[in-house]
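These notes are about the structure you will find just below.
Each residue takes its place number in the sequence, starting with 1. Computed from a prediction, not measured in an experiment: that's the story for all the values here.
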Amino acid sequence: MLRGRPRRGREAHAAAGGDPGGGADPLDAAQERRVRAVLALGGVPQSDLPDGVQQVRLRLLERAAGGREAPRDVSAWAAVVASNLAMDWHRAKRRQERLGERLAALRQPAHPSGEDSSVLSVAVAQGLDELPDTQRQVVVLRFYADLPVRSIAEQLGVPEGTVKSRLHTAVRALRARLHEDEVV
């Protein structure tokens, strides 16, 4: 999706003078949209998305300031960091917020012709909410952040087979949930 675009990270910092306050944004607009999507799909409410994006930026800047090499694929790295942040937030807020409030903040105005897709979206969101954190994370990274299995495995530090197994189990659970609710 972001192939062919210049990499952002330490090289961008060096070009901007090398300091974190040098004015160079480590995330381009497409990467920021992806980070926002991963956070939102991970259950972070709309009002907390800017803070999540800033946390991803901060971690990338800290990585560069610490002298570590920029991630090979900044976009994938940022999506995984956002996914981890979403998991952290979800664990902390799981019992404090209801699914309906989160969906209301994320839903766009319903169009009469899109009623079926709204029902499906709500059912999928509920199904995602019921998945274990590790399964939800790989589903969001694979299907919403559009990362390949290999990249997910590298970023999470787990074998590709583990990612595939989690995806298979999660998709099977989501499919069963949708059939159970007679959505599909």
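Across every non-hydrogen atom of Ala76 and Ser151, the tightest pair is CB-OG, 3.5 Å. Leu178 and Ala123 make their closest contact through CD2-CB, 3.5 Å (heavy atoms, listed as atom of the first residue, atom of the second, distance). Closest of all the heavy-atom pairs between Arg177 and Gln126 is NH2-OE1, 3.2 Å. Residue Ala86 comes nearest to Val44 through the heavy atom pair CA-CG2, 3.9 Å, listed as atom of the first residue, atom of the second, then distance. The shortest non-hydrogen separation linking Val56 to Trp77 is O-CZ3, 4.2 Å. Shown here for Leu39 and Ala82, the closest heavy-atom pair between the two residues is CD2-O, 3.3 Å.
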Considering only distance and modelled atom types, tabulate donor-acceptor pairs under 3.5 Å from the side chains of residues 152-165, sequence neighbours left out.
{"from": "Glu154", "atom 1": "OE1", "to": "Arg72", "atom 2": "NH2", "distance (Å)": "2.8"}
{"from": "Glu160", "atom 1": "OE2", "to": "Arg150", "atom 2": "NE", "distance (Å)": "3.3"}

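The only member of Val140, Val139, Leu141 that meets side-chain contact (heavy atoms from CB on, under 4.5 Å) when paired with Gln137 is Leu141.
Taking the salt bridge (Lys or Arg N to Asp or Glu O under 4.0 Å) definition, one finds that Arg36 meets it with Glu32, sequence neighbours left out.
Counting heavy atoms from C-beta on, the side chains of Gln46 and Leu49 come closer than 4.5 Å. At least one side-chain heavy atom of Arg34 sits under 4.5 Å from a side-chain heavy atom of Leu147. By the 4.5 Å heavy-atom criterion applied to side chains, Tyr144 and Leu128 are counted as neighbours. Between Asp51 and Gln54, the closest side-chain pair of non-hydrogen atoms is not below 4.5 Å. Under the 4.5 Å side-chain criterion, counting only non-hydrogen atoms from C-beta, Leu41 is not in contact with Ser83. Between Leu85 and Arg59 there is a side-chain heavy-atom pair separated by less than 4.5 Å.
Under a hydrophobic-cluster definition in which Ile, Leu, Val, Met, Phe, Trp and Tyr are linked whenever side-chain heavy atoms come within less than 4.5 Å, directly or via other members, Phe143 and Leu131 are assigned to the same cluster.
We find the CZ-CZ distance between Arg166 and Arg136 to be 12.5 Å, quoted to the nearest 0.5 Å. Here the straight-line distance linking atom CZ of Arg142 with atom CG of Leu167 works out to 7.5 Å at 0.5 Å rounding. From Glu62, atom CD reaches atom CD of Gln55 across 8.0 Å, with rounding to the nearest 0.5 Å.
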request  = Given side chain to side chain contact (heavy atoms under 4.5 Å, CB included), test Leu60 with Arg57 step by step and report yes or no.
outcome  = CA-CA 5 Å; Leu60 189 55; Arg57 276 193 181 97; 5.8 Å; no

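Side chain of Glu130 to main chain of Gly127: no donor-acceptor pair is present (N/O by atom type, distance under 3.5 Å, no hydrogens or angles).
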